[in-house]
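Input: a single structure, listed below in structure tokens.
To find a chain, count down the sequence lines: A is the first, B the second, and so on, and within it residues start at 1.
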There are 2 protein chains.
Amino acid sequence: MNSTNEPPKSPQKATIADVAKAAGVSKTTISRYLSGDYKSISASTLKRIEEAIAELRYRPNRMARGLRQARSYSIGMIFADISNPYSTSVLRGAEDVCTRHGYSIIVCNTDNDPVKEKNYIHMMQAHRIDGLIIHPTGHNKDILNEMADERIPVVLIDREIPGLAFDTVGTDNYRAMSEATRFFLDQGYERIGFFSQPIEHVSSRAERFLAFTDVLRNAGHPSVNDLYEFEIRKNAQLEEQLERFIEATSGQSRMLFAVNGITQLKLINALQTRGLRIPEDIGIAGFDDSDWAPVIGSGITTVAQPTYEIGQRAMEKVLQRLGGDDSAKERIALPGQLIIRGSTPSQK
Amino acid sequence: MNSTNEPPKSPQKATIADVAKAAGVSKTTISRYLSGDYKSISASTLKRIEEAIAELRYRPNRMARGLRQARSYSIGMIFADISNPYSTSVLRGAEDVCTRHGYSIIVCNTDNDPVKEKNYIHMMQAHRIDGLIIHPTGHNKDILNEMADERIPVVLIDREIPGLAFDTVGTDNYRAMSEATRFFLDQGYERIGFFSQPIEHVSSRAERFLAFTDVLRNAGHPSVNDLYEFEIRKNAQLEEQLERFIEATSGQSRMLFAVNGITQLKLINALQTRGLRIPEDIGIAGFDDSDWAPVIGSGITTVAQPTYEIGQRAMEKVLQRLGGDDSAKERIALPGQLIIRGSTPSQK
DNA sequence: TTGTAGGCGTTATCAC
DNA sequence: GTGATAACGCCTACAA
């Protein structure tokens, strides 16, 4: 019995030396076992090693291994908005790929704040992450370039940063938006309002709007200038813009296009508040499919992004670069899918 | 000029030795600086150190530091389903707290699969995480206990595991569900169907159902046995259960209660398919508020969970334990909030 | 088939 | 105020 009042000693994590001693071999042999070099170990030794590891519940220390090998087996993922379902789906895709290869993921959420983003990149550097997948705010070109200089694979998702040579994975926004816009024209809408958070230099938004105007201009459609921008956090701005569109299009058959999922929701909310019915009074559609899109009203027409696959492809690209591939940077644009539902009926 | 054809050497990450040399001091002094021990460094030295660090873009290697200090400054978070908005909100809350304290988060998603969960816990152990926040499947008691034995703070969210002494953070399910049920009774529903994924030993589901039946039994209400369980991935099961409820309650005023957000969506979908109108033909409500709950029909009545705060509190608890707090394990049950919308009108 | 020795980048312990 | 030195746990030549 323990006469002192000390708490029971917490069992210290076993080290490779403990395992070596228990198995009656040297650390080298254990290390060989850990790196899968079974063929240079005798059967009986193998057995003793396995028993020792199980007995001691040995888990190789990744920090020690990482320090020695100068690689952490961790991939950083920095999201502009982790609460967006887009992000979690990408995360799942990426995780499923990298887990199979023994990598772990360190995640961060910047809330679209360039300062947070900068700090997180620094944190990632301190972790000596082997690769980075980032949904960038677009304001930290310098550090991103710095990482690239250090030969750390960086893959951008959703957004590209002009002038930066990184691998990029996202939806083929131009193509998907063109298809969608042509569909809206076929449905016979006289006016289509493009509602977006400030396009500025966010490439995905810009591509969508460009496709929109290109198709409209080609068709000689009057909505070429129907762009309505607002800050997502400022409901007043959105309502003001909506008001502007509604007034300008009074008496015409019309619809709203939302640049992303969150904008869809905000617009639907605003329409309901104003007592406008979907689709009788006004049509609506938007980028990003979701669980709720099918069940709102008679369903919302959306452009689905292949989010899970975007995550997979981004991680595969990181691993490919890690594997030594030094070919030209690639821009991977995956097809989006127009999902037609009840919110955009024919106006003819 | 470089006569060989080698690519330009990628600038190697600076080490503490490089900084020491650049600043003309010893590694020890740099280390002192890094640990914030400024008062034992002269002003001029301090200045040279700061210049050297900036110049070399030095980032302390967390693996080396972690190895030496036997702590990783990483917290593991294991989610049963990361695509559930519940999870991301918890994640954000946890992240905001731990970032302020210099910790990073390693995330995993188990898809409610105990095998994946086990592998991920092993991975976390290899990372030597300083603490673990887990939304447990409930099937890996042994390893979780093992971690606790090693003095690693483990905090459970949403679900408790019977017989395990861990800190726990979640919603006060019993209280919130009681309030909601009383409200439904007040509205005058003759039958209320409780739709849930298998309750089994998932404590949060069990608490909700218990509160439900307790209130009903107290009121002598006939729905005490109106439990309808189904596997979330099997739509046929859900529809079968829904059919059963619809038939059994024909002619009565009735509503469905969904045990969580995903179930809400599935039920709404199934009702629409059957041509049943909400709330004219049948009412609906459920646990978990969401962005879409206000905009479906005249709004869905929900019980909102304080998800962000759950994440915060869980992380705070981890840090508190890390700080040496050895008091009794705590069960933190945060208040939920009943949000009444149009899907559960009075039946009187 | 197995073992020895040195070092990865830090911090802690002493010493000056 | 500052520095030399020995670990931390692992891997990788190089030997045997």
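Considering only heavy atoms from C-beta on, A/Met315 stays 4.5 Å or farther from A/His101 through its side chain. Within the 4.5 Å cutoff, the side chain of A/Ile161 has heavy atoms near those of the A/Leu156 side chain. For the pair A/Val155 and A/Lys329, the minimum side-chain heavy-atom distance is 4.5 Å or more. The closest side-chain heavy-atom distance from B/Arg71 to B/Arg128 is not below 4.5 Å.
Rotation axes derived from the C1' atoms of the five outermost pairs at either end of the helix from C/dT1-D/dA16 to C/dC16-D/dG1 lie 30° apart, to the nearest 10°.
Near DNA chain C, meaning a heavy atom under 4.0 Å away, the residues from residues 41-55 of chain A are A/Ile41, A/Ser42, A/Thr45.
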Under 3.5 Å between N/O atoms: give me all the protein pairs with nucleotides 12-16 of chain D, atom names plus distance.
residue : atom : partner : partner atom : Å
D/dT12  : OP1  : A/Gln69 : OE1          : 3.3
D/dT12  : O4'  : A/Arg68 : NH2          : 3.2

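In terms of modelled atom types and a separation under 3.5 Å, the side chain of B/Ser87 and the main chain of B/Asp81 share a donor-acceptor contact.
In this structure, B/Tyr33 reaches neither bases nor backbone, as no heavy-atom distance under 4.0 Å exists between it and the strands shown. Heavy atoms of B/Tyr38 sit nowhere under 4.0 angstrom from any nucleic acid atom.
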**Prompt:** Going through the distances and angles, do A/Ser31 and A/Thr28 end up as a side chain to side chain donor-acceptor pair (under 3.5 Å)?
**Reply:** CA-CA 5 Å; A/Ser31 181; A/Thr28 309; over 6 Å; no
>> Apply side chain to side chain donor-acceptor pair (under 3.5 Å) to residues A/Asp158 and A/Ser204 and explain how you reach the verdict.
In response: CA-CA 6 Å; A/Asp158 184 56; A/Ser204 48; 3.3 Å; yes
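In terms of phosphate contacts, B/Ser26 brings no side-chain nitrogen or oxygen within less than 4.0 Å of OP1 or OP2 of D/dA4.
Among residue pairs with one or both ends in residues 46-82 of chain B, those qualifying as ring pair (Phe, Tyr, Trp, His ring centres under 6.0 Å) are B/Tyr73-B/Tyr103; sequence neighbours excluded.
Rounded to whole angstrom, the span from the CD1 atom of B/Ile16 across to the C1' atom of D/dT5 amounts to 14 Å. Atoms OH (B/Tyr73) and P (D/dC8) sit 18 Å apart, rounded to a whole Å. Atom NE2 of B/His127 is separated from atom C1' of D/dC10 by 15 Å (rounded to the nearest Å). One atom, CD1 of B/Ile30, and another, C1' of D/dA4, lie 15 Å apart when rounded to the nearest Å. Note: CG (A/Asp18) to C1' (D/dC8) measures 13 Å, nearest angstrom.
Nucleotides of DNA chain C with any atom under 4.0 Å from a heavy atom of chain B span, from 5' to 3', C/dG9 to C/dA12.
At a threshold of 4.0 Å, the pair A/Asp325-A/Lys317 does not count as salt-bridged, since none of the basic side-chain nitrogens sits closer than that to a carboxylate oxygen. Here A/Asp37 pairs with A/Lys39 in a salt bridge; the nearest charged N to carboxylate O distance falls below 4.0 Å.
B/Asp167 pairs with exactly one of B/Arg313, B/Arg321, B/Gln320 by the side chain to side chain donor-acceptor pair (under 3.5 Å) rule, that one being B/Arg321.
Residues forming a side chain to side chain donor-acceptor pair (under 3.5 Å) with B/Asn84 (at least two apart in sequence, or on another chain): none.
Enclosure of atom CZ in B/Arg48 by more than 12 non-hydrogen atoms of other residues, nucleotides or ligands within 6.0 angstrom is indicated.
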